K.L.:
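Let me give you the structure first, and then I'll get to my questions.
Predicted, not measured: the structure shown is a model, and the values here were computed from it.
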Amino acid sequence: MVDITLDGLTRSFGGMTAVNNISETFPEGSVTCLLGPSGCGKTTLMRMIAGLETPSRGRILFGGRDVTALTPRQRNVAMVFQYPVMYRTLTVEENIALPLGRDRGLSAADRQRRVEEVLDVLQLRKLRRGRMAELDIGTRQRVAVGRSIARRCDVILFDEPTTNVEVHAKLELIRAFKQFRQQLRQTIIYVTHDQTEAMTLADQIALMQAGVISQCAPPRALYEKPDSEFGGWFLGNPGMNFISGRVVGTGMQFDILPEPISMPDAGADIRLGIRPERIRVALPGTPGTLPARIERRFITIGGQYLLTLRIGATVLRARVDGALGRILGNEAGIDCPMQHLAFFRNGTVMARPPSP
């Protein structure tokens, strides 16, 4: 296992910079998900780590060793693409075993032991004699994963491997990924635009925007304490509510709070953020709540309700359980606890929260 260090990594194409001066370290034996919208630079970054793209500037180090100028083979990396790259005329077992034949340090018994281990972990034993042309794309992708992990490389790179498979096969791939990861503990970089997948698989998420890593943190920390409005918006379904306030003396007044907040550096460029599930919704007139009007409601996964609420000039969304959602009429009471509020100035989280 090795850690991966990026030192001022930049990749430009003509006048366009796809990856811009990234410096970050991904710990050995960890799973790091590169998460972000299309075009944010996550695949370009992964290709540079793999050795498939040459950086315009900066260095890449594996375990302290500079690999920037090395080929993918010299870096000892394996890669799984969006579309499985397999030999269609070979069997499942033969495809997994094929790259092991090039390793002269492995005996025939060791090679077969690795193949058997992969077949078990990925639940492919019953299909070991099946030919790739006979299998669906989800199963072929599992074989591609198996071929990569059988090599026991220092680093495995996954480029959105579940994008083109149907839901059941996707869940099987995620289950298999978690199982082999627990057993082998290889250093993994996993590219995805699916936040649920990233939150499920990652030890840490590198959230990317416009060619930079805007925040790198464990999934729960990234969700609960985003460094930017972009992080609050991108993570969550729906994302964080952002609410503008107005300056009142030496503080600010927000429609969702009963009193102004003391804030010496108050300004119109400050916005308050709160996640929909952190808003306490109650029946109208409940003590400690502010009156709000329910403008829309939807039933979501698990029978919960997603409410669109208006309080003064502010519109926000809140998530409530099914029992409450069914009995609410057009009015509700809401409370936004201070401990669940975040404050942002010009899109960046403030260094210290205002005093209530």
K.L.:
Between Tyr305 and Arg326, which heavy-atom pair has the shortest distance, and what is it?
P.N.:
OH-CG, 3.3 Å
K.L.:
Counting N and O atoms only, with roles assigned by atom type, does the side chain of Asp3 sit under 3.5 Å from a partner on the main chain of Gly63, one being a donor and the other an acceptor?
P.N.:
yes
K.L.:
To the nearest 0.5 Å, tell me how far Gln123 CD sits from Arg142 CZ.
P.N.:
7.0 Å
K.L.:
Ignoring hydrogens and angles, tell me if any N or O in the side chain of Asn95 forms a donor-acceptor pair with the backbone of Tyr87 under 3.5 Å.
P.N.:
yes
K.L.:
Between Ala50 and Met79, what is the shortest heavy-atom contact and its length?
P.N.:
CB-SD, 4.1 Å
K.L.:
I'd like to know if Arg345 pairs up with Asp265 as an ion pair, taking the criterion as any Lys NZ or Arg NE/NH1/NH2 lying under 4.0 Å from an Asp or Glu carboxylate oxygen.
P.N.:
yes
K.L.:
Report yes or no: is the cationic atom of Arg246 (NZ for Lys, CZ for Arg) closer than 6.0 Å to the six-membered ring centre of Phe254, at no more than 45° off its axis?
P.N.:
no
K.L.:
To the nearest 0.5 Å, what is the distance between OG1 on Thr314 and CD1 on Ile334?
P.N.:
9.0 Å
K.L.:
Does a side-chain N-to-carboxylate-O contact under 4.0 Å join Arg88 and Glu134?
P.N.:
no
K.L.:
Is a side-chain donor or acceptor of Arg11 paired with a backbone partner of Thr17 at a separation under 3.5 angstrom?
P.N.:
no
K.L.:
Among Arg113, Arg128, Arg125, find the residue that satisfies the salt bridge (charged side-chain N to carboxylate O under 4.0 Å, His left out) test when tested with Asp120.
P.N.:
Arg125
K.L.:
Taking all non-hydrogen atoms of both residues, which atom of Arg151 and which atom of Arg114 are closest, and how far apart?
P.N.:
O-NH1, 3.4 Å
K.L.:
Would you compute the distance between atom CG of Leu316 and atom CD1 of Ile256 and round it to the nearest 0.5 angstrom?
P.N.:
6.5 Å
K.L.:
For the side chain of Asp203 and the backbone of Val31, is there at least one donor-acceptor N/O pair under 3.5 Å apart?
P.N.:
yes
K.L.:
Determine yes or no for a side-chain-to-main-chain donor-acceptor pair under 3.5 angstrom, with Thr286 supplying the side chain and Ala282 the backbone.
P.N.:
no
K.L.:
I'd like to know if Glu116 and Arg111 make a salt bridge, using a cut-off of under 4.0 Å between side-chain N and carboxylate O.
P.N.:
no
K.L.:
Return yes if some donor-acceptor pair links the side-chain N/O of Thr348 with the main-chain N/O of Ser228 below 3.5 Å, else return no.
P.N.:
no
K.L.:
By the definition side-chain contact (heavy atoms from CB on, under 4.5 Å), identify the one residue from Leu45, Thr25, Val19 that meets it with Leu6.
P.N.:
Leu45
K.L.:
Taking all non-hydrogen atoms of both residues into account, name the closest pair between Arg275 and Pro226 and its distance.
P.N.:
NH2-CG, 4.5 Å
